[in-house]
Asker: 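Have a look at this one.
In this chain, residues are counted from 1 in sequence order. Counting convention: from 1, in listed order, for ligands and their atoms alike.
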Amino acid sequence: MSNLNRFDAITIFPEYFAPLNLSLIGKAQSAGLIEIGIHDLRSQTTDVHGSVDDTPYGGGAGMVMSPEPWGKAIDEVAELAPDEIHELIVLTPAGQKLTQALAQELTQSKHLIFACGRYEGIDVRVSDFYATQKNFKVREISIGDYVLGGGEVATLVIMEAIIRLLPGVIGNPASLDEESHTLISQDGALVEYPNYTKPKEWRGLNVPDVLLSGNHGEIAKWRLEQAVIRTKNRPS
Ligand code: SAM
């Protein structure tokens, strides 16, 4: 078994994933901390049009992604990490909502396969079938209560939320400890306190005196108070 975390996405729009070569994730790949593969679902089709969808049984508007190319693509991608349990993430607005805790949990998976739906989504038998396979774990995940055109953007969001938590990806891991949704108080998870940098005065607005005091105890106390206030006042 490898110690590396491997991420594979299956999509009809591989070009959507160009940003994975930038910034923290690009560097993490170059440093060999993670491996990412992007796979074109249409390469699994046999007809000249590369069809991946069909009309829904029962009627109704829109098209549904066919199980056949999905099954072939997932089987092929699973072979890239044959010794691992494959966490198959099916993106859908009907899925479990992404949270920081879920991103943290997914850092434990050595092989994540993201199935990016389009049209009305993927024939549900794809999730149902892999849920019965002993070397797969299936999760349907949503990034929020709204509907996107496809699962690609949702996959980028989830990958980034996970990858930045992996050891060695962020230069100073301490910066992860006090972040929004990680900072815990007796009332639950907090959002982060407000941040300031130079200059001390900008357009008539001053940095709070306590942050200039050099008193680390008072600064920590003020930050916690501010985090509690911000969390309480956050629009839901
Ligand atoms: N007919 C589906 C429904 O009503 O639940 C919506 C399909 S949506 C137009 C096409 C694809 O975009 C979905 O299959 C999914 O992969 C992706 N998608 C849309 N919204 C999403 C969300 N909030 N979170 C994750 N994926 C989403």
Side-chain angles (χ1 to χ4, degrees), residues 5-20 25 36-45 49-78 86-109 111-133 136-165 180-181 189 234-236:
N5 293 64
R6 189 176 167 95
F7 298 78
D8 287 288
I10 305 169
T11 171
I12 56 169
F13 291 116
E15 302 82 359
Y16 248 100
F17 292 90
L20 293 174
I25 300 183
I36 299 182
I38 307 298
H39 311 272
D40 188 351
L41 181 70
R42 291 198 199 278
S43 70
Q44 303 295 345
T45 58
H49 304 294
S51 308
V52 292
D53 58 330
D54 212 327
T55 51
Y57 275 121
M63 300 293 272
V64 176
M65 295 190 101
S66 315
E68 198 56 37
W70 275 108
K72 287 189 200 163
I74 294 166
D75 290 348
E76 199 173 285
V77 164
H86 316 291
E87 189 109 27
L88 176 61
I89 298 189
V90 180
L91 287 314
T92 160
Q96 177 185 5
K97 255 188 268 177
L98 179 67
T99 59
Q100 187 67 14
L102 178 55
Q104 185 74 59
E105 190 182 331
L106 292 171
T107 61
Q108 300 306 309
S109 299
H111 191 207
L112 289 138
I113 303 175
F114 294 82
C116 304
R118 282 269 153 185
Y119 317 116
E120 295 307 323
I122 304 171
D123 186 313
V124 75
R125 288 172 293 178
V126 173
S127 294
D128 292 348
F129 173 78
Y130 286 100
T132 66
Q133 303 300 296
F136 277 84
K137 182 163 181 200
V138 177
R139 293 194 197 237
E140 293 189 332
I141 299 184
S142 161
I143 61 163
D145 288 345
Y146 40 81
V147 179
L148 301 165
E152 290 75 12
V153 171
T155 295
L156 287 170
V157 169
I158 300 171
M159 280 193 189
E160 183 158 317
I162 299 168
I163 292 170
R164 64 191 294 284
L165 297 175
S180 296
H181 314 299
R234 189 175 177 224
S236 55

Asker: So which protein residues pack against ligand 1 under 4.0 Å, heavy atoms counted?
Answerer: L91, T92, P93, G117, R118, Y119, E120, G121, I141, S142, I143, G144, Y146, V147, L148, G149, G150, G151, A154

Asker: Indicate every side-chain donor-acceptor pair of residues 150-158 with a distance under 3.5 Å to a residue at least two apart or in another chain.
Answerer:
residue : atom : partner : partner atom : Å
E152    : OE1  : R118    : NE           : 3.1
E152    : OE1  : R118    : NH2          : 2.9
E152    : OE2  : T11     : OG1          : 2.7
T155    : OG1  : G151    : O            : 2.9

Asker: Roughly how far, to the nearest 0.5 Å, is CD1 of I89 from NZ of K137?
Answerer: 10.0 Å

Asker: OH/Y130 to CG/L88 distance, rounded to the nearest 0.5 angstrom?
Answerer: 8.0 Å

Asker: Give, for atom CD1 of I74 and atom CD of Q133, the distance between the pair rounded to the nearest 0.5 Å.
Answerer: 10.5 Å

Asker: Hey, is CZ on F136 packed in by over 12 heavy atoms from elsewhere, all under 6.0 Å?
Answerer: yes

Asker: Any salt bridge linking D123 with R125? Criterion: basic side-chain nitrogen under 4.0 Å from a carboxylate oxygen.
Answerer: yes

